[in-house]
Novice: 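The structure's right below; bear with me while I get my questions together.
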Amino acid sequence: MRVLVLGSGQLARMMSLAGAPLNIELSAYDVTNGNIVHPLTQTVLGSGLDNAIANADVITAEFEHIPHPILDICEQSGKFLPTTEAIKAGGDRRLEKALLDNAGVRNAKYAVINSREDFDVAIEHVGIPMVLKSALGGYDGKGQWRLKDLADVENIWAQMADCIASSDNQAIVAEEFVPFQREVSLVGARGRDGSIAVYPLAENVHTEGVLSLSTAIADQELQAQAQQMFTSVAESLNYVGVLALEFFDLNGQLVVNEIAPRVHNSGHWTQQGAETCQFENHLRAVCNLPLGSTQLIRETAMINILGEDTLPNELLAMDGVHIHWYGKEKRTGRKMGHINVCSDYSGELQRRLSALADVLDKTAFPALAKFAR
Ligand code: AMP
């Protein structure tokens, strides 16, 4: 099978690695320059989307901020999965909120703001404190404001007005502030036959808006809630592939924050911690193969490597430590790779995370600070 991926970043790279044993061959479309590249080496294989589409058996995506005309061309080929509707919703918070409401899943109360008058209506409807997010182009906490006090309305409006004016079709989504205890996510896959397999929930720690640590957790009650919402969203879209739902845990009630219509950073732990990793399951789903078991095989935590391009070699000698580099050029704060830390027996994971905290710089890996001895 030949799969064309829209986007040529680390997610396409890891899909390519996972596809090789199944003889699934990947090429990637670099949306920034129109080149078709090899997802591992970035070697240019050709240019132009039309040829690549003709040569592919299946087309999928590794990110949601894809220009709609490109998605529409892929849609017309009849080869695109999960669905262009899901990708568009993942890239536009207005569509995403409508989709969540349509699927009947709990999410924060919201209002869409296009004008100063809309802002007043949103304050009335949503209440203060509120979180304000750009409808398009926002990720990892970028393009967001917090309104805690009416005295800040004009100042925040000035910034939001600039944002709205900066691009076509931009708007702001005002959301009620959710006083959550923690953030969790559910990654799962839906096959072409409608079968669903979800991984255990992951608990996620963010540092300055960026995911820093993800750990698979066992909580039957939350798992059941998450799985039910996953099924509602996936079925409402007739989704095929891996989908991630991010939640706030509010006193044991899950509230959906956002969806990612693709493999997700909070599912990277599955490479070492699950019977079949999320990348392989995405490919199995879109290639119409049976889904693989999503069972946890050992306790695993994932730590993002942000803005660093080297790590002490002694990490490789540590039991249960697996390093995944993305082959990217170093830039401050950039996701350069991740470390999966596994354990085979209870209590060992904490000890291994503490051992890592002894070796790694806590400024570069802030999520490890709480494991320091
Ligand atoms: P997002 O880009 O929507 O994932 O938001 C980035 C981060 O802001 C989330 O991981 C939360 O920590 C926080 N956040 C987003 N929306 C809300 C909300 N409605 N209430 C409270 N915190 C939020």
Side-chain angles (χ1 to χ4, degrees), residues 1-67 70-71 73-84 86-87 90-91 187-192 197 239-244 260-265 267-268 270-272 274 276-292 294 322 324-329 335-338 340:
M1 290 285 269
R2 284 161 306 176
V3 176
L4 172 67
V5 186
L6 302 183
S8 59
Q10 68 263 24
L11 301 178
R13 174 184 172 100
M14 290 185 276
M15 270 190 237
S16 173
L17 287 167
L22 294 178
N23 267 349
I24 300 173
E25 210 178 285
L26 268 75
S27 55
Y29 177 68
D30 185 338
V31 176
T32 58
N33 58 22
N35 284 335
I36 307 298
V37 300
H38 191 285
L40 278 179
T41 60
Q42 299 294 316
T43 308
V44 177
L45 304 174
S47 64
L49 192 53
D50 292 344
N51 256 343
I53 290 175
N55 288 333
D57 299 305
V58 175
I59 308 167
T60 189
E62 63 135 32
F63 79 131
E64 50 274 38
H65 301 292
I66 298 168
I70 290 176
L71 282 176
I73 294 169
C74 293
E75 171 88 38
Q76 280 155 24
S77 72
K79 298 178 182 178
F80 189 83
L81 291 167
T83 68
T84 52
I87 303 290
V187 173
R190 184 169 182 272
R192 284 205 201 180
Y239 194 92
V240 177
V242 163
L243 167 73
R262 53 173 166 81
V263 288
H264 192 251
N265 197 170
H268 291 0
T270 62
Q271 289 170 308
Q272 264 74 42
T276 315
C277 75
Q278 63 163 347
F279 304 100
E280 180 174 335
N281 257 335
H282 182 72
L283 292 174
R284 286 183 183 225
V286 299
C287 292
N288 203 16
L289 299 169
L291 299 180
T294 48
H322 300 262
H324 299 260
W325 288 113
Y326 305 155
K328 295 202 287 195
E329 222 165 279
K335 287 180 184 170
M336 302 291 291
H338 66 271
N340 281 339

Novice: I'd like to check L71 versus L6 (side-chain heavy atoms, cut-off strictly below 4.5 Å). Are they in contact?
Specialist: yes
Novice: Any donor-acceptor pair under 3.5 Å linking the side-chain atoms of Q271 with those of H338?
Specialist: yes
Novice: For the side chain of S16 and the backbone of L40, is there at least one donor-acceptor N/O pair under 3.5 Å apart?
Specialist: no
Novice: Give me the atom names and distance for the closest heavy-atom approach of A61 to M15.
Specialist: O-CE, 4.2 Å
Novice: Show the atom names and distances, to 0.1 Å, of all donor-acceptor pairs under 3.5 Å that link a side chain in residues 282-289 to residues at least two apart or in another chain.
Specialist:
from	atom 1	to	atom 2	distance (Å)
H282	ND1	V242	N	2.9
H282	NE2	T60	OG1	2.8
R284	NE	E280	OE2	2.9
R284	NH1	P290	O	3.1
R284	NH2	E280	OE2	2.7

Novice: With no hydrogens and no angle check, is any side-chain donor or acceptor of E62 less than 3.5 Å from a backbone partner on L11?
Specialist: yes
Novice: Residues two or more places apart in sequence or in another chain: which of them pass side-chain contact (heavy atoms from CB on, under 4.5 Å) with S47?
Specialist: N35
Novice: Counting N and O atoms only, with roles assigned by atom type, does the side chain of N281 sit under 3.5 Å from a partner on the main chain of G188, one being a donor and the other an acceptor?
Specialist: no
Novice: Could you measure the distance from the CD1 atom of I53 to the OG atom of S77? Nearest 0.5 Å is fine.
Specialist: 5.5 Å
Novice: Rounded to the nearest 0.5 Å, how far apart are OG1 of T84 and CD of Q76?
Specialist: 10.0 Å
Novice: What distance do Y29 atom OH and I70 atom CD1 have between them, rounded to the nearest 0.5 Å?
Specialist: 3.5 Å
Novice: Could you state the interatomic distance from OG (S27) to CD1 (I59), rounded to the nearest 0.5 Å?
Specialist: 9.5 Å
Novice: Would you check if the side chain of E64 reaches a backbone N or O of R262 as a donor-acceptor pair within less than 3.5 Å?
Specialist: no
Novice: Return the CD to OG1 distance between Q278 and T294, rounded to the nearest 0.5 Å.
Specialist: 12.0 Å
Novice: Report yes if the side chains of V263 and M14 come closer than 4.5 Å at any heavy-atom pair, otherwise no.
Specialist: no
Novice: Could you measure the distance from the CZ atom of F279 to the CD atom of Q10? Nearest 0.5 Å is fine.
Specialist: 8.5 Å
Novice: Would L49 and L4 count as a side-chain contact (heavy atoms from CB on, under 4.5 Å) here? Give the steps.
Specialist: CA-CA 10 Å; L49 192 53; L4 172 67; 4.2 Å; yes
Novice: With salt bridge (charged side-chain N to carboxylate O under 4.0 Å, His left out) as the rule and sequence neighbours excluded, what pairs involving residues 1-21 come up?
Specialist: R2-D57
